[in-house]
Structures are given as structure tokens and as C-alpha cells.
Amino acid sequence: MTTTVATTPIAGQKPGTSGLRKKTAVFMGRHYLENFVQAVFDVVGCAGKTFVLGGDGRYFNDRAAQVILRMAAANGAARVIVGQGALLSTPAASHLIRLNQTDGGIIMSASHNPGGPTEDFGVKFNMPNGGPAPEAVTESIFTRTTEITEYRIVQAQDVDLSRIGRHDLAGMAVDVVDPVADYAALMESLFSFDAIRAMFAGGFRMRMDSMCAVTGPYAVEILENRLGAAKGTVVNAAPLPDFGGMHPDPNPTWAKALMDEMFGADAPDFGAASDGDGDRNMVVGRGIYVSPSDSLAVLAANAHLAPGYARGLAGVARSMPTSAAADRVAAALGIAAYETPTGWKFFGNLLDAAKVTLCGEESFGTGSDHVREKDGLWAVLLWLNILAARKQSVAGILREHWATYGRNYYSRHDFEAIETAKADAMMAALRGRLAGLPGTDVQGLTIEAADDFAYTDPVDGSISRAQGVRVLFSGGSRAVFRLSGTGTEGATLRLYLERYVAGPDGLDHNPQQALAPIIRAAHAIAGIAAHTGRSTPDVVT
Ligand code: G1P
Ligand code: ZN
């Protein structure tokens with residue numbers, strides 16, 4: 001039986017490119033989830049359609065899934081494909097949307113934000129191409145949430161999402177599928193599992209930290225069961241509603257246990273971690289950290305060693321704040337390099353138009369045209385394939401890479417929970433001074449150019465302005481200033497620092513040391529301490 005429930009708009013249901021993210025308690029509030037889901041269905045249409053549904057297993061994931069299923073049935077959907085236990089990593093959901101040629105999907109996740117009753121929850125709609133809804137769609141969804149007067153939901157018992165197979169929910173088919181199987185098959189089609197299996201059989205050791213989040217079952221099946229990595233290679237492998245209290249954000253700060261192991265005595269050959277919903281990755285070699293910018297460059301230079309990319313790459317894209325290391329590889333390969341604003345959505349058009357094959361961001365996101373999301377385990381497997389093919393250590397591969405292309409020393413400094421007004425004032429003052437900066441010297445460095453990054457999408461011609469202030473110094477060094485679009489408390493200033501050193505004399509410096517002159521210049525140019533009262537960052541990656 002379908003019930004139409006009268007409701008009124010709830011303020012603030014404005015989805016960003018990563019969907020609508022709020023405190024779990026907010027999502028669990030009266031009509032909150034229901035209003036938003038109805039707004040999604042009203043905008044994208046629901047009658048007769050097929051959707052994918054799954055999430056990262058965080059607190060409320062299971063109950064939200066039942067609500068969304070009942071609402072899909074009430075709104076006339078023909079079929080929903082759900083991961084068993086309502087689990088799907090974000091890249092696996094993207095794959096299922098594409099594989100089954102569905103009308104899109106709903107992903108329940110707040111990515112790398114902690115989970116639990118007092119932490120975060122999120123809902124995101126992905127399009128039939130498997131990628132996040134573009135701004136025009138999220139804006140329409142937001143507008144709809146401001147007008148909503150009713151939602152539809154069927155009265156029914158919970159669907160047993162633990163049982164694989166077809167279920168009926170008020171006339172709608174609910175297909176509960178193994179969340180891992182199709183994704184694992186896709187990975188097997190891209191990479192030489194034989195070569196990786198032989199490497200593990202030869203004694204190669206790895207540590208994968210799934211941080212009690214969604215990649216655990218994927219990593220155990222693929223790395224341990226199919227590739228023969230030692231049992232126990234994957235740690236924190238069971239997805240937990242509160243991620244075991246971990247902050248499932250794979251960076252040196254939050255994945256500290258992994259870092260300690262990789263830099264300790266008897267470190268394994270290779271280490272990796274992924275985030276709450278499995279789209280981010282961090283990779284580490286024995287005694288050597290791989291910055292995401294370098295990782296993208298190394299993957300681009302070596303992707304042809306994996307069967308899925310043996311024909312070479314169409315092009316490479318990176319977000320503007322990501323280091324230019326990948327551009328140097330693209331230039332050497334004679335392929336196009338694109339510089340996009342921050343956020344995965346800008347890659348979607350380039351991937352759909354087959355202008356690029358690989359893309360990545362400094363924020364631990366790497367991916368390819370196999371899905372329309374970044375993909376943590378995919379990056380790990382591409383690294384493994386390259387290691388198996390080159391038969392070298394991570395350190396050896398990085399050193400050779402830097403010797404060939406030069407090294408883009410790179411770091412991001414985050415200043416969190418700044419008073420919004422102060423952060424805005426700092427950025428406004430900086431933008432106001434841009435025109436006067438070129439040609440001036442700061443802390444011994446000469447500024448060559450300064451601008452506020454704007455991007456014209458080469459596929460649809462749309463223009464995105466004010467995407468971050470770039471200050472370029474002579475010699476290929478730069479500082480980039482932008483405010484986070486995903487922070488939940490006050491403003492987060494992200495300061496991105498890069499210094500290019502050509503040739504072998506760039507080797508073996510500590511990045512913070514190598515970047516010290518750029519850091520000093522950046523602080524002087526923006527007056528960070530004067531505006532915000534902060535002189536040291538909260539998080540350094
Ligand atoms: C952050 C990252 C960005 C990433 C986004 C979603 O956004 O910096 O690269 O695409 O999360 O994962 P920001 O908070 O900087 O706006
Ligand atoms: Zn994520």
C-alpha cells in the first residue's frame with residue numbers, strides 16, 4: 001500500500017558534487033531523508049526506472065536503504081539493484097550503474113568523514129554514466145527540496161538485504177547482488193592477475209588498511225582470495241557502522257598505523273589504504289611515501305604495462321592544485337594534459353568524450369575511464385601490476401621517475417575551522433592584489449604570474465571561475481590558495497605548495513625542507529597569520 005505523506009520543506013538540503021552531507025542525527029530527523037529522496041525522484045524521474053543502491057556501511061546505512069527502497073517502489077521504479085547488506089563502494093556502484101545500463105544510482109556515504117550517530121551521513125545521486133550528478137541536476141534537486149509538499153512511500157516489511165537474489169517490494173523488483181563480484185571481474189579485465197599472483201607467490205608482502213570501511217570485503221576477495229596475498233594482508237577489513245572509531249581518510253595523518261609499519265623494521269614491500277566509501281587511496285612503499293600527485297604521474301608513465309591500458313592513454317587530467325608531475329609525463333608521451341578545477345565532476349566530461357584515460361587529484365583520488373568515480377582499489381591494483389611488471393621496489397620506481405622527469409616537490413597545508421569571515425576576507429584581499437604581484441620579489445622568489453583559476457570545459461564550453469588563486473614563481477614553483485568546498489566547520493584554507501627541481505639533484509630532499517622558501521613566500525603574500533591568526537597548519541599531506 002502506498003502512502004502519500006504531507007511534508008514541508010526543510011532548509012539546507014543543498015547537495016554539493018559529493019551529494020548531501022549532514023550530521024547523521026540531521027539525516028535521521030523527521031522527513032529529512034524522505035524529503036531529499038523524493039526531491040531526487042521528482043527531478044530525475046522514477047516511474048519504470050532501474051536504479052542501483054548501496055552505501056559504505058556507516059551508521060544508518062541499513063535503515064536509510066530500506067526507506068529509499070520503499071520510496072522507490074512507491075514512486076513506481078521497476079527495479080533496484082542493491083549490494084548485499086546495502087553495501088557498495090562508490091566505484092563499485094558506479095560500475096554497476098554502467099554495467100546494467102541503469103537510470104542512475106543512489107549512494108549512501110559521507111566519503112572519508114567519520115561515521116556514527118554523532119558523525120556524518122550522506123546521500124548522493126549518480127547519473128546513468130555512473131558519475132555524480134552535475135550541478136544543473138543538483139541545483140534542481142535543491143530547488144525541489146524548497147517546494148516539496150509530500151512524499152510517497154509504501155507500507156511494507158524490510159526487504160531481506162542479506163539474501164542474494166530477487167525480492168519483490170510492492171511490485172518493484174529488488175535484486176540483491178554480491179557487492180564485490182562484478183567489480184572484481186572488472187578489475188580482472190584490466191590487470192594481469194597472473195603477474196600479480198606470481199609476485200605474491202614469490203614472497204612479495206603487502207599491507208592494505210581498509211580502515212573498517214567499505215573496501216574490506218573487496219580487498220580480501222581480490223588481494224587475498226584471487227591474488228594470493230597472505231591471509232591477514234588486509235587489516236581493519238570488516239566494515240563497521242562507526243568505522244571502529246577510525247577516521248577513514250587515507251593520508252599520513254589518519255592512516256598513521258600504516259605509515260608506521262611501512263617505515264618500521266620489517267616493513268612489507270607495499271602498503272595502501274582507502275577511505276570510507278573506497279574512492280580514495282594512499283600508497284606507500286617500504287620506507288617511502290608516494291604523494292598522490294607523484295602517484296598519478298607514475299601511473300600515467302607506466303599504465304601501458306597493464307593489459308587494460310596496453311594501447312596507451314588518450315590523455316591525462318589533473319585538478320589544478322595537483323602537482324604538474326603528470327603534465328611532464330603527458331608531454332613525454334605526446335598526449336594531452338588537462339588542468340581542471342578541484343572536484344571529480346570535471347573529469348567526467350573528459351572521460352565521456354574519451355579525451356583522457358587517467359585522472360587524479362592531490363587529495364588521494366585517482367581513476368580512469370573504467371568507471372566515473374575515483375577508485376581506490378583500482379589505483380592499488382594498477383600499482384601492483386606495475387610493480388609486478390617492472391620487478392622493482394616502489395622506491396626504485398620513484399627514483400627512476402624523478403631522474404627522468406625531474407621532481408615536483410609537493411605538499412598541502414590545511415588550516416581548519418577558521419572563522420569564515422576571516423578566511424573570506426583573506427581571499428578577497430589576495431584576489432584584490434593579484435594584478436600587482438607579477439614581477440615582484442617575495443622572500444627571495446620572483447613572482448612570474450598570478451591569477452584566479454578559471455576553467456572552460458573543452459567538451460560543453462561551460463566556464464567555472466574563481467577556482468583558486470595561483471601564484472607562479474620562476475622555475476616552475478607555485479603556491480595555490482583556495483577554500484575547501486567540503487568542510488563542515490567554519491572555513492578550511494588549503495595552501496598547495498609545489499617546487500620543481502629538474503634532474504638528479506632533486507633527489508632525497510624532505511619535501512617540507514625543499515618547499516620551505518615557497519611556504520615562507522606564500523605566508524607573506526597572503527598574510528595568513530595576520531588575517532586568520534594561524535601560522536601553522538592543522539594537517540600536512
Ligand atoms: C576535497 C578535495 C577535492 C575532492 C573533494 C571530494 O574538496 O580537496 O580534491 O574532490 O574533497 O572528495 P575540498 O574540501 O578541497 O573542496
Ligand atoms: Zn570517498
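Indexing begins at 1, ligand by ligand and atom by atom, following the structure's order. We count residues from 1, following the sequence as given.
- Side-chain rings of Tyr455 and Phe346 approach one another, their centers coming within less than 6.0 Å.
- For the 3.5 Å distance criterion, the side chains of Thr90 and Asp277 qualify, holding a donor opposite an acceptor.
- Heavy-atom separations between Arg412 and ligand 1 include at least one value shorter than 4.0 Å.
- Judged by a 6.0 Å distance limit and a 45° cone about the ring axis, Lys22 is not positioned over the six-membered ring of Phe27.
- For Gly343, the closest heavy-atom approach to ligand 1 falls below 4.0 Å.
- Contact record, Pro114 with Glu119: O-CB, 3.2 Å, taken as the closest heavy-atom pair.
- Computed with the Zn ion (ligand 2) at the centre, the Asp275 OD2 to Asp277 OD1 angle is 90°, stated to 10 degrees.
- Near Arg494, meaning under 4.0 Å from one of its heavy atoms, ligand 1 places the atoms 8 (O), 13 (P), 14 (O), 15 (O).
- Among all protein heavy atoms, the one lying closest to atom 11 (O) of ligand 1 is Arg280 NH2, 3.2 Å.
- At a 4.0 Å heavy-atom cut-off, ligand 1 does not touch Lys345 at all.
- Contact check on Asp414 versus Arg494 returns a salt bridge, with a Lys/Arg side-chain nitrogen under 4.0 Å from an Asp/Glu carboxylate oxygen.
- Looking at Gly485 next to ligand 1, an N or O pair under 3.5 Å apart turns up.
- Between His112 and ligand 1, no pair of N/O atoms sits closer than 3.5 Å.
- Counting heavy atoms from C-beta outward, Leu350 and Thr340 have side chains that approach closer than 4.5 Å.
- Atoms of ligand 1 found under 4.0 Å from any heavy atom of Arg482 (numbered from 1 in listed order, with element): 13 (P), 15 (O), 16 (O).
- Scanning the protein for heavy atoms near atom 4 (C) of ligand 1, the closest one is Glu361 OE1, 3.5 Å.
- Thr90 lies apart from the Zn ion (ligand 2) in this respect, since none of its N, O or S atoms is found at a distance under 2.8 Å.
- With respect to Arg407 and Glu498, no salt bridge is recorded, no charged nitrogen being found less than 4.0 Å from a carboxylate O.
- By the 3.5 Å distance cut-off applied to N or O atoms, Ser363 is counted among the residues near ligand 1.
- No hydrogens or angles considered: nothing links the side chains of Ser140 and Thr143 as a donor-acceptor pair under 3.5 Å.
- For the residue pair His531 / Glu419, no side-chain donor-acceptor distance below 3.5 Å is found, with atom types taken as modelled.
- When the N, O or S atoms of Asp279 are ranked by distance to the Zn ion (ligand 2), OD1 comes first.
- Nearest to atom 6 (C) of ligand 1 among the protein's heavy atoms is Lys374 NZ, 3.8 Å.
- Figure legend: Arg328 and Tyr500 shown as a cation-pi pair, the cationic atom lying under 6.0 angstrom from the six-membered ring centre and within 45 degrees of its axis.
- When heavy-atom distances to ligand 1 are checked against a 4.0 Å cut-off, Ser484 comes that close through both its backbone and its side chain.
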